[in-house]
There are 2 protein chains.
Amino acid sequence: MKRSRAALKRRPAGEAAEREIDFDELPGYVGYQVRRTQAKIFGEFEAMLGDFEFTPGSFGVLMLIRANPGITQVALASAFGVDKSTMSPVIYRLETRGLIRREVLPSDRRCHALFFEPKAEPVFVAAREKFRAVEAGVAARLSKTEQRELARLLAKLQGAQA
Amino acid sequence: MKRSRAALKRRPAGEAAEREIDFDELPGYVGYQVRRTQAKIFGEFEAMLGDFEFTPGSFGVLMLIRANPGITQVALASAFGVDKSTMSPVIYRLETRGLIRREVLPSDRRCHALFFEPKAEPVFVAAREKFRAVEAGVAARLSKTEQRELARLLAKLQGAQA
DNA sequence: TATTGTTATACTCTATAACTATA
DNA sequence: TATAGTTATAGAGTATAACAATA
């Protein structure tokens, strides 16, 4: 970001444009605003988690398995709004890392019930602290009232059908 | 979504869990709320654009090239907050489709100035109508006041440094 | 027939690193 | 040395389709 006055004078064309870019209609699009905000927040998670053992996605999956013992993969995929084929490899990685275990349901042997492994609790708690810290840094930019208002508006955007 | 009463009675385990899933801390995370909202909105764009010739990303790039004649790839990448290597293939596709053209800058032959092709105007206008329609459907879930408030809160979230 | 879960495949988006050409 | 742009590569995340096992 630091730049000498000389450098400023002979700045390349790209930078000149960078300072006076016309974004046309984009900033007026709710979809664009939400997308940019999401990218910004995820970038911060990546930066602060570094070579951490979880992505926001895989940590969320682990958290839901922990909170919902015996949940099936289809139910989990549905909860996150993704396809079951998207969930499969995520589950597989958590299982091979020993963080969860799978049990075939006797009542319906097509289903795999998922369980959080008790011995994974320290790893989970440590990860949760990291996620809470990043999240707190993001949320701190808004007052409590604003946080509630944002949650309400985002819920409203999600609520309606396409 | 339609389901007979009989089906409801003998619903599989996955569905039972689906109705009473405990999301633990996730709904309280701003990052999670924004992510879910973004996924929902993008899903609607995909569904309504169908086999359309643009993704939200590529259309945004075209819109900015049109609004900023002569902009370079690095400036464009910077405007969207992505790496120049991410922008390269997007630019290449727009060029091969004849929607834009590139000119090497005589003043700095490393730079490629990008220009919207006038003959692409009908395609652009048609695409913009589609995007405006989807966007209008999304924005319609909020009042004008709420739209402004959301924009303000999202900007505030993006504003601070990590 | 329908559902659960896996796998093969594909596409988008993203980045890093190494490279060429220029400055 | 530094920057613009390309390319090779990699990884996450997403989906569809076909499949085996089970219902």
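Since the model is a prediction, treat every value here as computed from it, not as a measurement.
- One interatomic measurement links the two molecules: CG of Leu114(A) to P of dT4(C), which rounds to 13 Å at whole-angstrom precision.
- For Arg97(B), there are no salt bridge (charged side-chain N to carboxylate O under 4.0 Å, His left out) partners at least two apart in sequence or on another chain.
- When rounded to the nearest whole Å, the span between CG of Leu76(B) and C1' of dC13(C) equals 15 Å.
- Ion pairing between Arg132(A) and Glu129(A) holds under the 4.0 Å rule for side-chain N and carboxylate O.
- The two residues Pro118(B) and Pro122(B) come nearest to each other via the heavy atoms O-CD, 4.3 Å.
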Protein heavy-atom contacts under 4.0 Å, written 5' to 3' over nucleotides 5-15 of chain D as B (base), S (sugar-phosphate only) or - (none), form the string BBB-----SBB

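- Glu146(A) has no carboxylate O lying under 4.0 Å from a charged side-chain N of Arg141(A), or vice versa, which leaves the two without a salt bridge.
- Not less than 6.0 angstrom separates the ring centroid of Phe54(A) from the ring centroid of Phe131(A).
- Under the side chain to side chain donor-acceptor pair (under 3.5 Å) criterion, Arg128(B) pairs with no residue, sequence neighbours left out.
- In this structure, the CZ atom of Phe45(B) is 13 Å from the P atom of dC13(C), given to the nearest Å.
- Look at CD on Gln38(B): it is 11 Å from P on dC13(C), rounded to the nearest Å.
- One atom, CG of Asp108(A), and another, P of dA23(D), lie 6 Å apart when rounded to the nearest Å.
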